[in-house]
J.: 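Dumping the structure here so I can ask a few things about it.
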Protein chains: 2
Amino acid sequence: MSVSIKDIARLAGVSHSTVSRALSDSPLIRAETKSRIRRLAREMCYSPDARARSLVMGRTQTVGVVVTTVADPWVAEVVQGIETTASAHSYTVILASSDDEPEHELAAVEMLRSMRVDSVIVTSSRIGALYGEYLGRSHVPVVLLNNHSEQGGAHSFSVRVDDRHGGCLATEHLITIGHRRIAHVGGPSAHLPSLERLAGYRLALAGAGIAFDPAVVWDGTGLPDAGERALNLLLAADPRPTAIFCYNDMTAVGLLRAAHDAGLALPGDLAVVGFDDIPFAALACPALTTVAQPKFAMGQQAMDMALTLMCRRPHECDGAGAPQVTGVTDNVVQGRLVVRESSGTRRR
Amino acid sequence: MSVSIKDIARLAGVSHSTVSRALSDSPLIRAETKSRIRRLAREMCYSPDARARSLVMGRTQTVGVVVTTVADPWVAEVVQGIETTASAHSYTVILASSDDEPEHELAAVEMLRSMRVDSVIVTSSRIGALYGEYLGRSHVPVVLLNNHSEQGGAHSFSVRVDDRHGGCLATEHLITIGHRRIAHVGGPSAHLPSLERLAGYRLALAGAGIAFDPAVVWDGTGLPDAGERALNLLLAADPRPTAIFCYNDMTAVGLLRAAHDAGLALPGDLAVVGFDDIPFAALACPALTTVAQPKFAMGQQAMDMALTLMCRRPHECDGAGAPQVTGVTDNVVQGRLVVRESSGTRRR
DNA sequence: TTGTAAGCGTTATCAT
DNA sequence: ATGATAACGCTTACAA
């Protein structure tokens with residue numbers, strides 16, 4: 001099939017180990033031989049076989065990353081953070097989708113394990129708690145990024161945004177600018193972040209002495225249609241809320257759209273706050289106030305954690321001595337409130 | 001390190017080949033032995049080593065997909081089309097980013113080749129013409145999806161949207177609803193699609209007997225900021241255009257945003273048409289009229305083409321007899337005009 | 001029905 | 001400075 005070091009060896013009249021050494025720039029090989037072999041390799045379009053190499057080296061120099069879907073704008077930025085850090089350490093990222101289905105997620109991880117990735121990062125995991133036992137003994141470090149299931153046990157490494165704090169931040173902002181009747185559209189109610197952001201919302205209300213009213217709190221999906229549906233519920237509520245905190249920006253954008261169609265003047269008739277700060281938030285009309293997650297940085301952190309964990313294992317790592325990670329590590333980062341037009345005063 | 005068939009063999013008191021056969025459900029193995037081995041494998045958390053297997057089998061059951069960046073919403077849908085088709089044929093997708101840099105693209109393909117992917121799909125390639133020679137002899141089929149460079153030579157396989165026709169469609173629509181002074185913001189001028197969409201624009205103008213005026217045609221980047229900049233140019237133009245056709249939806253969305261800030265009433269003061277139909281197009285205010293690319297289907301087609309090409313190679317394929325592909329195949333699909341609010345009459 | 005041995009393309013450990 | 005040889009984990013003739 002493909003040209004191998006043996007093919008080169010044959011043509012160069014040397015042994016295949018000489019070729020291997022020449023190509024890895026070993027000082028043992030005579031300069032003349034080396035350059036001759038390298039020229040030959042180039043001419044023959046030689047490409048080293050990463051599988052064979054990894055088999056004997058004991059590592060693949062790859063990280064597996066499980067995402068719900070690449071179509072999610074939150075995912076895209078996180079992946080870029082991971083990829084940037086990975087390639088800076090000469091690691092290759094292998095992406096796998098879970099479609100937000102626990103079964104698919106498991107299949108994806110299993111597939112990555114078969115590929116012998118050196119480490120796995122799972123975003124928005126539905127089965128986070130399983131990994132402690134599951135992969136702990138297979139010695140493949142697993143890092144959770146915004147775990148959506150209950151927190152794992154003993155063997156757990158994760159990076160996540162402080163959802164509760166973020167929910168609090170968003171709601172407090174609405175209270176600060178004068179709102180008292182504040183609605184909330186949640187995300188998928190089984191997911192941890194939905195619960196936490198809701199908890200933050202309640203915390204902020206309580207802090208301001210505003211009674212929690214279940215009548216203006218609805219379940220959602222995290223998708224634009226949930227926002228559209230929520231608007232109808234909101235219009236029917238009595239008294240009608242003057243502000244609404246949405247589980248995420250996708251929901252908020254759907255709501256913005258529906259509010260526009262309903263002829264509401266935003267933010268005058270209704271103030272809206274989202275969560276995530278996806279690229280489109282700034283482009284929406286009105287531009288969306290939101291709690292920004294440091295998505296890129298979170299991806300970086302997760303990858304850094306994976307790198308550290310890999311160093312603890314069989315083969316030593318190359319880089320400078322990374323801090324030793326022991327037992328459980330849960331890296332919690334804070335969201336940042338970004339005030340735009342959808343709350344606050346209208347431009348022009 | 002990881003548990004291998006030899007480890008299982010040792011514990012089961014059989015040879016490693018018996019284990020191999022048992023796990024691949026060979027009819028040669030006694031049922032009792034088989035189930036005993038399989039149970040053991042499960043208990044030991046055995047995971048087959050895809051690298052070792054692929055080494056002897058001669059194929060990895062993977063496709064490499066090169067994209068500019070996962071952050072591009074067009075990319076996301078295309079990748080999903082590819083992935084769906086791939087996994088239906090039990091292929092795994094390995095994603096690599098090029099950042100729209102020819103050098104990175106080459107590096108990505110080189111990396112995928114080292115991983116011995118069975119086939120490569122390159123989206124928005126900057127160096128499409130190179131692949132004919134480059135990988136033709138390495139026997140790895142390459143499929144181009146919306147090639148951004150000049151068309152490749154003898155050994156070329158591609159799927160692409162008819163950019164010229166799409167540009168024509170968009171412009172004709174604006175003409176049909178009564179516009180005569182129509183501006184255009186292009187994409188990166190070196191890329192083929194920019195040129196083609198512009199050509200379509202000119203074609204439509206010519207068809208309606210409208211003179212082409214370079215004064216209302218500007219270069220862009222394909223990003224929202226290009227749309228924002230274009231609005232200023234548009235406002236300064238004399239006579240001021242009443243409509244504008246944008247290279248893509250990202251550009252159009254940026255322009256929508258700027259127009260909103262400038263206090264323009266859309267589509268009354270300015271009609272806008274984009275290209276791509278990204279998910280956000282329908283959510284924008286006003287909802288964006290655009291030329292929809294069948295992104296998912298294009299991904300499917302590219303993957304189907306890759307599957308067909310792989311069948312022609314060393315190892316026979318599994319599925320039903322796919323049509324034989326010979327020499328050059330260029331699959332051109334037509335975009336579809338989706339009329340929304342940003343052209344045509346205002347809702348309510 | 002099972003075991004033995006060869007080989008996939010590397011790197012690494014011995015010799016020479 | 002270079003060549004044999006073993007090993008990585010697997011599949012697959014070929015033997016038994």
J.: Kindly say if Ser15(B) contacts the phosphate of dG3(C), meaning a side-chain N or O under 4.0 Å from OP1 or OP2.
T.: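 Ser15(B) to dG3(C) OP1/OP2: side-chain N or O found under 4.0 Å.
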J.: Less than 4.5 Å apart, side chain to side chain, heavy atoms only: is that true for Phe157(B) and Leu309(B)?
T.: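 Phe157(B) vs Leu309(B): side chains touch.
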J.: Show every salt bridge (charged side-chain N to carboxylate O under 4.0 Å, His left out) that has at least one partner inside residues 99-109 of chain A, sequence neighbours left out.
T.: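 Those involving residues 99-109 of chain A are Asp100(A)-Arg126(A).
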J.: Please enumerate all residues that pass side-chain contact (heavy atoms from CB on, under 4.5 Å) together with Ser17(A), with sequence neighbours excluded.
T.: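 Ser17(A) satisfies side-chain contact (heavy atoms from CB on, under 4.5 Å) with Ser15(A), Arg21(A) once adjacent residues are dropped.
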J.: With sequence neighbours excluded, tell me which residues meet side-chain contact (heavy atoms from CB on, under 4.5 Å) with Ala50(B).
T.: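 With neighbours one apart ignored, the set is Ser114(A).
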J.: Strictly under 4.0 angstrom, non-hydrogen atoms only: write out the protein contact profile of nucleotides 7-13 of chain C, one letter per nucleotide from the 5' end, B, S or -.
T.: BBBBBBB
J.: List in chain and number order the residues that pass salt bridge (charged side-chain N to carboxylate O under 4.0 Å, His left out) with Arg116(A), two or more places apart in sequence or in another chain; answer none if no residue qualifies.
T.: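 Testing Arg116(A) for salt bridge (charged side-chain N to carboxylate O under 4.0 Å, His left out), a comparison that skips the adjacent residues, returns Asp49(B).
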J.: Residues in side-chain contact (heavy atoms from CB on, under 4.5 Å) with Ser124(A), at least two apart?
T.: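 Scan of Ser124(A) (side-chain contact (heavy atoms from CB on, under 4.5 Å), adjacent residues dropped) gives Thr68(A), Trp74(A), His148(A).
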J.: With no hydrogens and no angle check, do the side chains of Gln300(B) and Thr84(B) hold a donor and an acceptor under 3.5 Å apart?
T.: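 Thr84(B) and Gln300(B) do not have a side-chain donor-acceptor pair below 3.5 Å.
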J.: Of the residues in residues 25-34 of chain A, which ones touch DNA chain C at a heavy-atom distance under 4.0 Å?
T.: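 Heavy-atom contacts with DNA chain C come from no residue of residues 25-34 of chain A; none.
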J.: Specify the closest pair of heavy atoms between Ile82(B) and Gly299(B), including all atoms of both residues, with the distance to one decimal.
T.: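 Closest heavy-atom pair between Ile82(B) and Gly299(B): CG1-O, 3.5 Å.
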J.: Could I get the full list of salt bridge (charged side-chain N to carboxylate O under 4.0 Å, His left out) partners for Arg30(A), not counting sequence neighbours?
T.: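 So Arg30(A) forms a salt bridge (charged side-chain N to carboxylate O under 4.0 Å, His left out) with Glu32(A).
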J.: Not counting sequence neighbours, which residues clear side-chain contact (heavy atoms from CB on, under 4.5 Å) with Thr62(B)? List them please.
T.: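 Scan of Thr62(B) (side-chain contact (heavy atoms from CB on, under 4.5 Å), adjacent residues dropped) gives Met115(A), Thr60(B), Thr92(B), Ile94(B), Val117(B).
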J.: If you walk 5' to 3' along DNA chain D, what is the first nucleotide with an atom under 4.0 Å of a heavy atom in chain B, and what is the last?
T.: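 Listed 5' to 3', the contact boundaries are dG9(D) to dA13(D).
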J.: Do Leu106(B) and Ile127(B) touch side chain to side chain, with heavy atoms closer than 4.5 Å?
T.: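 A side-chain contact under 4.5 Å exists here.
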J.: Between the two end axes of the helix from dT1(C)-dA16(D) to dT16(C)-dA1(D), each built from 5 base pairs, what angle do you get to the nearest 10°?
T.: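 The angle separating the two end axes equals 50°.
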J.: Test: salt bridge (charged side-chain N to carboxylate O under 4.0 Å, His left out). Region: residues 5-15 of chain B. Which pairs qualify, not counting sequence neighbours?
T.: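 The answer is Asp7(B)-Arg10(B).
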